[in-house]
Each structure stands twice: as C-alpha cells, then as structure tokens.
**Q** 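Input: one structure, supplied below.
Here is the naming used below: chain letters follow the sequence lines, and residue numbers restart at 1 for every chain.
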Protein chains: 2
Amino acid sequence: MANILWVEDQLHWVDRFQPILEATDFDGEPTRVTVFGFAEAACQHIRSPGAARPDLALLDAHMNGNDSAGFSVSRALRRKWPELPMIYLSEHSGTGIEQQAFETSEARDFIAKHQANIESVLCWRIKAVLRQHALQQRGASDAVIDSGDLRLDTETWEVYWRGHKLMNPGNSRRPLGPTPRKILRYLVEAAPRPLSTAQIADRLDADPERFSYANYRQHIRTLRLAFDHAEGGQGDFIEACKRGEGIVTFGDQGAYCWKPVVR
Amino acid sequence: MANILWVEDQLHWVDRFQPILEATDFDGEPTRVTVFGFAEAACQHIRSPGAARPDLALLDAHMNGNDSAGFSVSRALRRKWPELPMIYLSEHSGTGIEQQAFETSEARDFIAKHQANIESVLCWRIKAVLRQHALQQRGASDAVIDSGDLRLDTETWEVYWRGHKLMNPGNSRRPLGPTPRKILRYLVEAAPRPLSTAQIADRLDADPERFSYANYRQHIRTLRLAFDHAEGGQGDFIEACKRGEGIVTFGDQGAYCWKPVVR
DNA sequence: GGCGGCGGTGAAAAATCTGTGAGTTGATCC
DNA sequence: GGATCAACTCACAGATTTTTCACCGCCGCC
C-alpha cells in the first residue's frame, strides 16, 4: 500500500487533490493519504513511537503564515526516517523557499501548485519519485559482507570474527540468536552511519511500539559479549567498544554504530 | 568535473543558460557543458565508442518540430549509460510530453523553461539531482558539509576542524555531545545567517519554553572550547570568536552565527 | 558615578542515557 | 506437562550530558 503523508493547511487543496491521489495507483496497491492541517500536529504524529512509516511525504513549506513550518516537519521526518522521500507542493516556486527545499531539506521534487494540469503533474511526479526510490532501495545486496575482521554471510547468517564463529554468549554451544545476527548485519551495512532504535525496529520489521531502546540495548550487549567470547572472553572487545571501536554507542537517540576494529 | 550533456535546438536558450551552468559549481569541480543542436548529432555522439560519460543529461523533448526527438536521445543514453540521470528542459510542462518523460523515459526531473527565476531553479534542480544520484551510486555515502577548515559529516556526525576531530572539552577522550554537534551543524548550515535561540530550539526539536538563551550560550561555550582544544588549547579560537571569526555572537535576540575562519 | 542589561564563566543540580543482572513471557519440542 | 531458549521487561546504579544558577566584567546611558 502506498502510504502518503501530506501536510497542508489550506483545505481546498486537500479537497481537490486527496480524492485524486487516493484513486491513483502508484505501486500496484491501494493508496492511502494521511493529511495534517498543521505542522505541529504532523510533527507530533511523526515523533510518536507508533507512527507507521509512510512511503512518501508531501509538504507545504509555507504554512499558516510561517515561512518554515514545513521545514520543521521535514526535519522531524528526516530524523525518524532518514531515507523517506519528500516532495514539496507549494505556491512559492522559484523563490528562496524552493532553494531551501532542495539545498537544505533534500527535497526530491518541488511542485508549483499553480500550473497547468496540476493534478496529473502531481501524480506523474509522485510516481516518478516512488519508482526512483524503490530502485535505490534494492541496490547493494552482496551475499557476504566483509568489514575488517568480520565476515558475515547473509545467506546462511553465519558470522565469523577473526575466524571464530560467533556463538550465543549465554550458551557457547549454541549459535547467536537470529535477532542479534540481524542487528549486527544492519549495523555493518549501515556503517559508518549509526542506527537508532527506530531505524532498527523498522529494519527488523518489528512493532515500533514494542521494540524499545532497552530491547536494542540488550541485543547490543549480547553481541558485544559474543564478540568478546569469540576472542577469548577477556573483556577486550568490551573495552574496545568503550574506546570507540567495534559496536560503539553513538550518544544520541539510542543509536549504535559499527566501526571496524583496528589492530 | 561535472560534465553535462545538453541537447537543445533553440540557440537562444543555449546562449542564456550555458554561461550560467558553466559558472555554477555543482560538485566542487568546474562544470563543462557539451551542447548538441540536433537529436541526431547527439545520438551519433553517444553511440560513438569514444564518447566520454557525462554526469547528467539535459534534454528537450520536442525539437525541430519533432515531438519525440528528445526521447530518441534518451533511449540512446539509456542504452549506453543505464544509470545516467536525465533532466528534461521543456516548454511543454503539464502535457503528455511531461508524462512520457516521467513514465517511459525515467526522467529525474522535468523543468518548464517558462517560469520565474528559471536560471536559479535550473541550477538548484540540477544540483539536487546530482546529489541524489551521487548518494545512490556510492550507497548513500557522505553528506559532508565543508566550510573553511571545518568538515562536518551529517551522517556520522563527526566533526573535524583542521584535521582534528572535535572532542568533548570536559573529557577529551569522549566525542562532542549530541546537542552541541547539532547546534554546530545548524549554525554552519544557516551561515552566513545567525540563528536565534528560538530558531535553534525549533531545529533541535526542543520545547521552546525550556530551551533558554542561557542554555544556548552554554552549548556555544562548549563548542568554542571544543574548537579551541582541537587547535591546541591556547585560547586562540576563543580570541578569534571575539574578533568576529568562527562562532560569533551576533548581538541581537541571543543569536550566534558561524563565520568561516580566514588564516 | 550608579544602574541595568547582555554575554561569558564556572560549578552544581537535574535530567537523561547506558550497562548490567535478573526476572517474564511465549513459542517450541519432547 | 515440563524443559529449553530466545526475546523482551524491569529496576537500578553509574556515567554523561544538559540545564540551572550565581557571579563577573563590560558597555552604554541617565
């Protein structure tokens, strides 16, 4: 289902476009449009932990007399879903607002509300952005990930650290659990970018209400212990993490980050 | 070097835009624009084995009275360089030409020639497409802000000043705290405009009631100390700030401003 | 000269974040 | 039904970051 988040303070545009958007087939599934009339309401919704990830955001930069209300929504979105494509729909094309949208807000497109055949143009451009984004998402999936001394086979999900297979720290005869393995994979894939709790929850396809930071933290602990056991259990890996190598706490938004270990 | 391939049959557009494009810095290197006045000539060039790969193609769909001359160039490009981003620059926005550009020709953008401030719009949009494409190519790599001797990676949040990583001034083994990092980023992004307490509070997504000027001031202090430590801790940076370089107090509404430091 | 506001400073208090250990839950298998 | 195991929760202490507070010097102004 194509899920569109739209922030627009002028109701007549909503009345005009919403039915058209909902009747348009963007990705082979029914389209749902969620509209917010105020930037604050949208931000609040976005920040709430249970918010479902939209596929695309449609923003108006200039709302309720505030030049940058739309940009605050954009920042909230970027924080929660860094990859989310955003399109601006505005009456101020060709102005500094358009420039700001492209240069600091990483807009994918900026559509002038006043133009010929706007309904169609809107749909074409949304479709184009969604297609482009889909293309981008399914790039890069090698079977084996190598990062320093780590070897991660994404087919069999086995993980080797300096030649030793990572085992379950609670019971060294058993392999590492599936969730920690996945988390490790996502961390290594995302390196050197950190992954926040929300991003991990998103990738694990977990219920964002349930997957908490405490949860993430615990898996990180499991992983660190597993690495530590793999290199002898002297606590060296834990120490390395504190120094900023291996699985590093990022210090914001409950995020962790994979940094290759130098020897 | 940003290499742009442009196919355009009306010379006056070339005269008008080419100098601007060539004077615009799209990727930190000089820009070169190669113009073809005829679709056939462009296709022939593209198919020739020695043709250099451009970074972006600018096409006009409707040329020399032929509705689809531009699309033939697009097909030639797609065959030779499947990943090449293409932007249409046309007088026929909102028509079937735009639809075709997006739906069958995988246009990244479609820019109407007749619109306010077209020169700037063209540059913003080209820049946006190039950035998006670069991101896509190297698997969403560095979004780095450069300002003088400062290098700020907005993905990993690492900040380097003259090659030294900015650390927490209170504990030099630890990285700069999240809030100061963000404030620095916003300041540099907003430069040369100052950011008042209220603006920072908005960007930090903080409660404007709680985020006071005293607060902002303290973070600025942390930042200045961090810079100072990074260059040796002689207080030089603090002095520079007083002289009007680096993180400058703006003197109104409790605002601060980032000014690149000249050496 | 006294006054008041602004911005810099240092330290203390408050809030938040993290690591840790232990306890629950729920699913699966015997 | 009971054992087992991974995933999840909870509580708490220690570390770290952020906010608050009090004070100081400077400057313009009456």
**Q** Phosphate oxygens OP1/OP2 of dT17(D): is one of them under 4.0 Å from a side-chain N or O of R174(B)?
**A**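 Yes.
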
**Q** For a quick test of reading the model: is some side-chain N or O of R217(B) closer than 4.0 Å to OP1 or OP2 of dT19(D)?
**A**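 R217(B) to dT19(D) OP1/OP2: no side-chain N or O under 4.0 Å.
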
**Q** Indicate, with a heavy-atom threshold strictly under 4.0 Å, whether N168(B) touches base, sugar-phosphate, or nothing.
**A**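 If one applies the 4.0 Å heavy-atom cut-off, N168(B) turns out to touch the sugar-phosphate alone, with no base involved.
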
**Q** Can R53(A) and D202(A) be counted as an ion pair, charged N to O under 4.0 angstrom?
**A**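 Answer for the salt bridge query: yes.
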
**Q** Ignoring hydrogens and geometry beyond distance, is the side chain of Q218(B) in donor-acceptor contact with the base of dG8(C) at under 3.5 Å?
**A** no

**Q** If the threshold is 4.0 Å, N to carboxylate O, is there a salt bridge linking E158(B) and R193(A)?
**A** no

**Q** Any sub-3.5 Å donor-acceptor pair from T95(A)'s side-chain atoms to I97(A)'s backbone N or O?
**A** yes

**Q** Just how far, in rounded Å, is C1' of dT19(D) from CD1 of I200(B)?
**A** 16 Å

**Q** When the nearest nucleotide of DNA chain C is assigned to L225(B) and to Y213(B) on a heavy-atom basis, which residue is associated with the more 5' position?
**A** Y213(B)

**Q** Regarding R221(B), tell me which of base, sugar-phosphate or nothing describes its non-hydrogen contacts under 4.0 Å with the strands shown.
**A**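 Contact class for R221(B): base.
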
**Q** Rounded to whole angstroms, how far apart are OH on Y216(B) and C1' on dC6(C)?
**A**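 It is 15 Å, rounded to the nearest whole Å.
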
**Q** Using ring centroids (six-membered ring only for Trp), state whether Y88(A) and W124(B) fall under 6.0 Å.
**A**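 No, too far apart.
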
**Q** Rounded to the nearest angstrom, tell me the gap between atom NZ in K242(A) and atom C1' in dC17(C).
**A**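 So the two atoms are 14 Å apart, to the nearest Å.
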
**Q** Take the protein atom CE of M167(B) and the nucleotide atom P of dT16(D), then report the distance between them rounded to whole Å.
**A**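 Result: 12 Å.
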
**Q** Could you state the CZ-C1' distance from F211(B) to dT18(D), rounded to the nearest angstrom?
**A** 10 Å

**Q** Examine dT17(D): is either OP1 or OP2 under 4.0 Å from a nitrogen or oxygen in the side chain of H219(B)? Give yes or no.
**A** no

**Q** Is there a side-chain contact between N215(A) and the phosphate of dC8(D), meaning an N or O under 4.0 Å from OP1 or OP2?
**A** yes

**Q** Would you say dA6(D) has OP1 or OP2 under 4.0 Å from some side-chain N or O of T179(A)?
**A** no

**Q** Pick base, sugar-phosphate or nothing for R181(B), based on heavy-atom distances below 4.0 Å to the nucleic acid.
**A** nothing

**Q** Are E239(A) and R243(A) ion-paired here, with the side-chain N under 4.0 Å from a carboxylate O?
**A** no

**Q** Supply the atom-to-atom distance K182(A) NZ to L187(A) CG, rounded to the nearest 0.5 angstrom.
**A**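 Between atom NZ of K182(A) and atom CG of L187(A) there are 14.0 Å.
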
**Q** Taking atom P of dG8(C) as reference, at what distance in whole Å does atom CG of L223(B) sit?
**A** 13 Å

**Q** Atom CZ of F250(A) and atom P of dG19(C): how far apart are they, to the nearest Å?
**A**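 From F250(A) CZ to dG19(C) P: 14 Å.
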
**Q** Using a cut-off of 4.0 Å on non-hydrogen atoms, how would the nucleic acid contact of R173(B) be classed: base, sugar-phosphate, or nothing?
**A**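 Nothing: the residue R173(B), judged by heavy atoms under 4.0 Å, touches no strand.
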
**Q** Tell me the interatomic distance from I220(B), atom CD1, to dT19(D), atom P, rounded to whole angstroms.
**A**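 I220(B) atom CD1 is separated from dT19(D) atom P by 13 Å.
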
**Q** Checking all strands, does Y256(B) fall into the base, sugar-phosphate, or nothing category for heavy-atom contacts under 4.0 angstrom?
**A** sugar-phosphate

**Q** Out of dT20(D), dT18(C), dG8(C), which has the shortest distance to the side chain of T249(A)?
**A** dT18(C)

